[in-house]
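Throughout, protein chains are lettered first and strands after them, A, B, ... in sequence-line order, and every chain is numbered starting at 1.
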There are 2 protein chains.
Amino acid sequence: MSDGRTTWRDIAADLRGAIERGEVRPGEQLPTQSQLIQRYGVASQTVANALSALRAEGLIRSRTGSGHFVRERPPILRSTRSRLSAAERAAGRGTFLSDAHAGDWTPRSETEIRVEPASARVADALGLDEGVEVLVRDRLMFADDVPVQLAISHLPRELTVGTRIEEPDPGPGGIYARLEDAGYAPLRFDEYVRAGTASAPEADRLGLPTGAPVLRITRIATTDERLVEVNFLVLDGERFELHYIV
Amino acid sequence: MSDGRTTWRDIAADLRGAIERGEVRPGEQLPTQSQLIQRYGVASQTVANALSALRAEGLIRSRTGSGHFVRERPPILRSTRSRLSAAERAAGRGTFLSDAHAGDWTPRSETEIRVEPASARVADALGLDEGVEVLVRDRLMFADDVPVQLAISHLPRELTVGTRIEEPDPGPGGIYARLEDAGYAPLRFDEYVRAGTASAPEADRLGLPTGAPVLRITRIATTDERLVEVNFLVLDGERFELHYIV
DNA sequence: AAGTGGTCTAGACCACTTG
DNA sequence: AAGTGGTCTAGACCACTTG
C-alpha cells in the first residue's frame with residue numbers, strides 16, 4: 001500500500017479542501033480526533049497521521065487539550081536589504097531595529113555573548129585561521145513578542161575587545177555603528193540565501209514545528225580591506241519576506 | 001506525555017547525532033526499522049515516527065523495500081543577483097544562462113507562451129487594470145537535465161506584441177535584451193524572497209516531494225518610467241543559493 | 001470531571017527490492 | 001523467498017484545557 005493514495009492522505013486532502021473552500025475559517029476549530037475517527041471509520045493513528053501532515057504544511061495549529069485550529073496567516077514582516085545603510089546607522093538604528101521601524105511591530109531581542117575558537121566554517125568565512133578567538137553574539141529576536149529570527153554573529157575578537165560589541169546592548173546604531181567608531185565601517189554586505197527546514201533546536205527556539213520552512217541567510221560584512229563579521233540568520237520562512245533591490 | 005521529550009524524539013536525536021558526527025556517512029544506510037525496534041526496545045510506530053521526522057528535515061531518504069539512507073547533499077547552484085546586469089545582457093546571456101555561465105552546469109528550459117487577462121495579483125504588481133491582456137512565459141528550467149526552477153513571467157501585452165518575446169526563444173540576451181531593443185530597458189529589479197513548501201503541482205514539476213522547502217521569488221522589473229515585468233519564481237530550496245550584494 | 005491532543009504498544013498486511 | 005518501508009488496527013495512558 002505504498003502508492004500515492006493512502007487513507008491518511010485522503011483524510012488530509014478532505015480536510016485541506018474544507019479549509020481552502022472556507023468551510024472552516026481561520027481561527028476556527030476542526031472536528032476533534034474522536035469525531036474524525038467516527039466520521040471516517042478509521043483508527044486513531046490514521047487520523048493522527050492526517051492531522052500531523054496538515055500541521056507540517058502550516059495549515060493548522062494543534063493545542064493539546066484544546067483542539068486543532070485553522071491557522072490565521074500572520075502579517076508578513078517585510079525586510080528591505082537596502083536597510084544596511086549609513087542612513088539607518090546615522091539614525092541610531094541597527095539592522096533589526098531598522099526592520100521594525102519600517103514595519104509597525106515592536107522589536108525585542110535576547111542576546112547571549114560568548115568567546116569561542118573559530119570553527120572551520122567561521123574561519124573560512126572570515127579569512128582567519130581555525131581556532132582563532134571570535135566573539136559570538138547569539139541573538140533570538142522577537143516581533144511583538146513572537147520569536148521570528150535567530151542570528152548568530154561572529155566577529156574577530158581583536159576587533160571587539162574593549163568595545164560595546166562585547167556587551168548585550170551595543171548602543172545606538174548596533175554593532176555596525178560600533179565597528180564604524182573603531183575605524184572598521186562595513187561597506188559591503190554579501191548575503192547568501194537558502195530555503196531549508198527547521199532543525200529541532202531551531203524549531204524549538206523559533207516556536208515552529210520541526211521541518212517548517214525557514215530562510216537561511218549567511219551575511220558577510222566587509223570594510224574596504226577586510227572581513228569583519230559573518231552572521232548566520234534563520235528566519236521563519238512564512239512570516240518573513242526579504243526585499244532586495246538589484 | 002506532551003512535554004518536549006518523547007521516545008521518538010530521543011530516537012530521532014540519537015540518529016541525527018550519528019549522522020552529524022559522520023558515523024553514518026552520506027549515501028550509507030541506517031539500521032533497518034526492525035533493528036531499531038530491537039535496539040531501542042519500542043514499538044514499530046515509535047521508530048516510524050522518528051524516521052518520519054528525519055525525512056521531513058531532509059536528513060534521510062527512505063526507499064520502500066530497500067532502507068533508509070543518509071542523503072547526499074547535492075551541489076549548490078549559486079546565483080548572483082547582480083547578474084541582471086547590462087554586462088551580462090551585452091554578452092548575449094539572459095538571467096538563467098548567466099547563472100549557468102557562472103556555475104558549471106548545462107542549462108535547458110521548456111517554455112510555454114500564452115496570452116491571458118491579468119489576474120488581480122498580476123494587475124496589482126504591474127500597475128495595470130485587472131483583465132488587461134498580459135503575455136505569460138511559463139518556463140521550467142533544468143540544470144544538467146534536473147528540473148530546478150519554475151519561472152512564470154508576466155508582461156503587458158502592448159510591450160511584447162510583434163517582438164521575439166512572444167516566441168519561446170527570444171534570442172540572445174533573453175527577454176530583457178528584447179525589451180531594451182524596444183526602448184524599455186529594465187533599470188531596476190525588485191526581488192521579494194520567501195521560503196515555503198512545494199505545493200502538489202510545483203512538487204510534480206520540480207521533481208520534489210510535496211512539502212519540500214522552496215524559495216519563492218517575486219521579481220519586478222522597472223524602466224525609469226514604468227513596470228515592465230513581474231516574474232514568479234519557484235526554486236528548489238536545497239539546491240539553490242541566492243547571492244545578493246547589498 | 002470530562003474532553004482533548006500526543007504518544008505508545010503489539011501486532012498485521014501490503015507493495016516493493018534484493019539476492 | 002526473505003527482507004524492507006509504509007500504513008493500519010484497536011486499544012491504552014498521560015498532560016493539558018475547559019467548563
Side-chain angles (χ1 to χ4, degrees), chain A residues 1-16 19 24 27-71 200 203-204 207-212, chain B residues 1-16 19 24 27-71 203 209-212:
Chain A
M1 200 192 293
S2 75
D3 55 349
R5 300 192 67 77
T6 64
T7 310
W8 74 258
R9 260 181 255 270
D10 286 345
I11 295 172
D14 202 33
L15 296 172
R16 198 185 293 113
I19 293 169
V24 197
E28 284 182 3
Q29 186 174 1
L30 288 183
T32 66
Q33 294 197 152
S34 316
Q35 289 171 328
L36 293 172
I37 287 163
Q38 282 238 322
R39 180 198 292 181
Y40 294 106
V42 295
S44 60
Q45 194 62 239
T46 306
V47 160
N49 283 349
L51 292 167
S52 181
L54 295 180
R55 211 181 307 131
E57 288 173 32
L59 260 152
I60 63 170
R61 287 278 192 218
S62 306
R63 287 197 276 276
T64 291
S66 175
H68 300 277
F69 299 84
V70 178
R71 255 179 84 183
D204 187 46
L208 298 172
T210 306
Chain B
M1 199 193 294
S2 76
D3 54 349
R5 301 193 66 78
T6 63
T7 311
W8 73 259
R9 260 181 255 270
D10 286 345
I11 294 172
D14 202 34
L15 296 172
R16 197 185 293 114
I19 293 168
V24 197
E28 283 182 5
Q29 187 175 3
L30 288 183
T32 66
Q33 294 197 151
S34 316
Q35 289 171 328
L36 294 172
I37 287 164
Q38 281 238 322
R39 180 197 292 182
Y40 293 106
V42 295
S44 60
Q45 193 63 239
T46 306
V47 160
N49 283 349
L51 291 167
S52 180
L54 295 180
R55 211 180 309 130
E57 288 173 33
L59 230 64
I60 62 170
R61 287 276 192 220
S62 306
R63 287 196 276 275
T64 290
S66 174
H68 300 277
F69 298 84
V70 178
R71 262 180 75 182
T210 305

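- Within the 4.0 Å cut-off from OP1 or OP2 of C:dT4, not a single side-chain nitrogen or oxygen of A:His68 is found.
- For A:Gln38, the CD atom sits in a loose shell: 12 or fewer heavy atoms of surrounding residues, nucleotides or ligands are nearer than 6.0 Å.
- The residue among A:Gln45 and A:Gly65 whose nearest nucleotide of DNA chain D is located toward the 5' end is A:Gln45.
- Side-chain atoms of A:Ser44 come within donor-acceptor range of the base of D:dG11, with a qualifying N/O pair under 3.5 Å.
- Taking atom CD1 on A:Ile37 and atom C1' on D:dA10, their separation rounds to 10 Å, with Å as the unit.
- Taking both residues in full, the closest heavy atoms of A:Gly67 and A:Gln29 are given as CA-NE2, 3.4 Å, listed atom of the first, atom of the second, then distance.
- Between B:Ile37 and B:Val42, the shortest heavy-atom distance links the atoms CG2-O, 3.1 Å.
- A:Trp8 has its CH2 atom 8 Å from the P atom of D:dC8, to the nearest Å.
- Taking only side-chain nitrogens and oxygens, A:Thr64 never comes nearer than 4.0 Å to OP1 or OP2 of D:dA15.
- No side-chain heavy atom of A:Tyr40 sits less than 4.5 Å from a side-chain heavy atom of A:Thr46.
- In the set C:dT7, D:dC8, C:dT9, D:dC8 carries the atom at the smallest distance from any side-chain atom of A:Asn49.
- Phosphate contact (OP1/OP2 of D:dT9, side-chain N/O of A:Thr46, threshold under 4.0 Å): present.
- The side chain of B:Ser66 contributes no N or O atom lying less than 4.0 Å from OP1 or OP2 of D:dT4.
- Nucleotide C:dG6 is matched to D:dC13 when pairs are restricted to Watson-Crick or G-U wobble geometry with both distances under 3.5 angstrom.
- Rounded to whole Å, the distance from OH on A:Tyr40 to P on D:dT7 is 18 Å.
- Taking atom CZ on B:Arg9 and atom C1' on C:dT7, their separation rounds to 9 Å, with Å as the unit.
- Summarising the base pairing, C:dT18 is matched to D:dA1 through a Watson-Crick or G-U wobble pair whose two defining distances lie under 3.5 Å.
- Taking atom CG on A:Leu30 and atom C1' on C:dG5, their separation rounds to 13 Å, with Å as the unit.
- We find that CG of B:Leu51 is positioned 16 Å from C1' of C:dC8, with the value rounded to whole Å.
- For the OP1/OP2 pair of C:dG6 and a distance below 4.0 Å, the side-chain nitrogens and oxygens of A:Arg55 include at least one atom meeting the criterion.
- Between A:Ser62 and C:dG5 there is no side-chain polar atom (N or O) within less than 4.0 angstrom of OP1 or OP2.
- A straight line from CG of B:Leu36 to P of D:dG3 spans 17 Å, rounded to a whole angstrom.
- Between the CD atom of A:Gln33 and the C1' atom of D:dC16 there is a distance of 14 Å, rounded to whole Å.
- The side-chain heavy atoms of B:Leu36 and B:Leu51, taken from C-beta on, include a pair separated by under 4.5 Å.
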